[in-house]
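Worksheet: the structure to be examined is printed underneath.
Just so we're clear, the structure is a prediction, and the values are computed from it rather than from any experiment. Residue numbers count from 1 along this sequence.
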Amino acid sequence: MKIFLFIFTLFTAIVNAQSVNLTIKDYTDNLSIDDADIYFKNSKKSYISDLDGKVEVDLSNVRPTDELIVSKKEYQNIKILVSSLPSNLTIRLEKVPEVELKEAYVTNLKVHDVLRKIIENYEKNFNVDKYYFLVDLTQDYKI
């Protein structure tokens, strides 16, 4: 009976070691983040956090050298090495500051004008040495 109990305990420890319970929260207000994307860099497995910010990630068939990535729109992504993951982990994502566009230009130029401006400013924009190519154009005529 003791051997059976030992084998059962060992089996449950191995099964639990192949999964990680994550809780995703906001860094500033400590609220749960739902619909966060959790995926591996070199694997096709992916998960989404529930309304409480919780998700159970299965680590079977995932290499210890792989990275777990947690991402959410408007938040900074986080990468964690799989070999350093504990069985329970709370991750706090920090919001990315909003980017404000200062100026936008809308023009109504013709293609000819755009190409002329590209040719005029080619050296300034691309900073390359001048290359000259010899081109021989021939054309066949049928009458």
Side-chain angles (χ1 to χ4, degrees), residues 1-140:
M1 184 68 180
K2 290 182 182 182
I3 294 175
F4 177 72
L5 183 62
F6 175 74
I7 292 174
F8 179 74
T9 306
L10 182 65
F11 177 73
T12 55
I14 291 172
V15 170
N16 287 338
Q18 292 184 351
S19 67
V20 174
N21 295 318
L22 298 177
T23 304
I24 316 298
K25 294 190 174 195
D26 187 288
Y27 183 78
T28 55
D29 56 14
N30 207 26
L31 294 175
S32 299
I33 299 176
D34 60 338
D35 295 334
D37 296 319
I38 297 99
Y39 57 94
F40 295 97
K41 183 176 182 180
N42 299 318
S43 178
K44 294 182 180 180
K45 291 183 177 183
S46 63
Y47 305 91
I48 298 176
S49 61
D50 62 7
L51 292 174
D52 297 326
K54 295 184 180 185
V55 62
E56 183 177 351
V57 178
D58 182 23
L59 297 178
S60 61
N61 299 326
V62 176
R63 294 181 180 163
T65 57
D66 202 355
E67 289 182 334
L68 179 75
I69 300 171
V70 180
S71 67
K72 172 76 174 169
K73 185 178 178 183
E74 299 178 355
Y75 286 90
Q76 184 74 30
N77 293 352
I78 189 166
K79 296 179 184 179
I80 303 170
L81 194 63
V82 170
S83 61
S84 64
L85 283 172
S87 58
N88 289 317
L89 180 64
T90 300
I91 298 173
R92 293 182 186 352
L93 297 180
E94 187 174 6
K95 282 197 174 187
V96 177
E98 293 182 16
V99 177
E100 182 179 322
L101 295 176
K102 294 186 178 184
E103 295 179 7
Y105 296 99
V106 179
T107 62
N108 190 11
L109 293 176
K110 296 179 182 176
V111 174
H112 181 278
D113 296 332
V114 172
L115 289 175
R116 184 172 39 82
K117 288 190 180 278
I118 290 172
I119 292 169
E120 287 173 1
N121 297 313
Y122 185 80
E123 289 180 14
K124 188 178 5 171
N125 291 335
F126 297 107
N127 196 15
V128 296
D129 296 331
K130 291 184 179 180
Y131 294 100
Y132 297 98
F133 299 98
L134 179 61
V135 179
D136 184 20
L137 298 174
T138 59
Q139 192 171 18
D140 294 331

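Once rounded to the nearest 0.5 Å, the distance linking OG of S43 with CD of E67 reads 13.0 Å. Expressed to the nearest 0.5 Å, how far CG of L68 lies from CG of L85 amounts to 5.5 Å. Atom CG of D50 is separated from atom CG of D34 by 8.5 Å, given to the nearest 0.5 angstrom. In this structure, the separation between OG on S87 and CD on Q18 is 13.5 Å, given to the nearest 0.5 Å. Interatomic distance, CG of D37 versus OG of S46, reported as 7.5 Å (0.5 Å rounding). For the atom pair CD1 (I33) and OH (Y27), the distance works out to 13.0 Å, reported to the nearest 0.5 Å.
Of all heavy-atom pairs between S32 and D52, the closest is OG-O, 3.0 Å. Of all non-hydrogen atoms in T90 and K25, the two that sit nearest each other are CG2-CD, 4.2 Å. For the pair E56 and N21, the tightest heavy-atom approach, listed with the atom from each and the gap, is CG-OD1, 3.4 Å. The two atoms that bring T23 and K54 nearest to each other are OG1-CG, 3.9 Å, heavy atoms only. Across all non-hydrogen atoms, the minimal contact from N77 to K72 is OD1-N, 4.2 Å. Contact between K95 and Y75 at its shortest, heavy atoms only, is CE-OH, 3.3 Å.
Judged by distance alone, with hydrogens and angles left aside, the side-chain atoms of S19 form no donor-acceptor pair with the main-chain N or O of V57 at under 3.5 Å.
Heavy atoms of other residues, nucleotides or ligands lying less than 6.0 angstrom from CD of E120 number more than 12. By the neighbour-count criterion of 12 heavy atoms within 6.0 Å, atom CZ of R116 is densely surrounded, having more than that number from other residues, nucleotides or ligands.
For the pair L89 and I80, the minimum side-chain heavy-atom distance is below 4.5 Å. Inter-residue side-chain proximity for I78 and R92 is flagged as unmet; no heavy-atom pair is nearer than 4.5 Å. In this structure, D58 and Y47 have side chains that are in contact, with non-hydrogen atoms separated by less than 4.5 Å. No side-chain heavy atom of R63 sits less than 4.5 Å from a side-chain heavy atom of N42.
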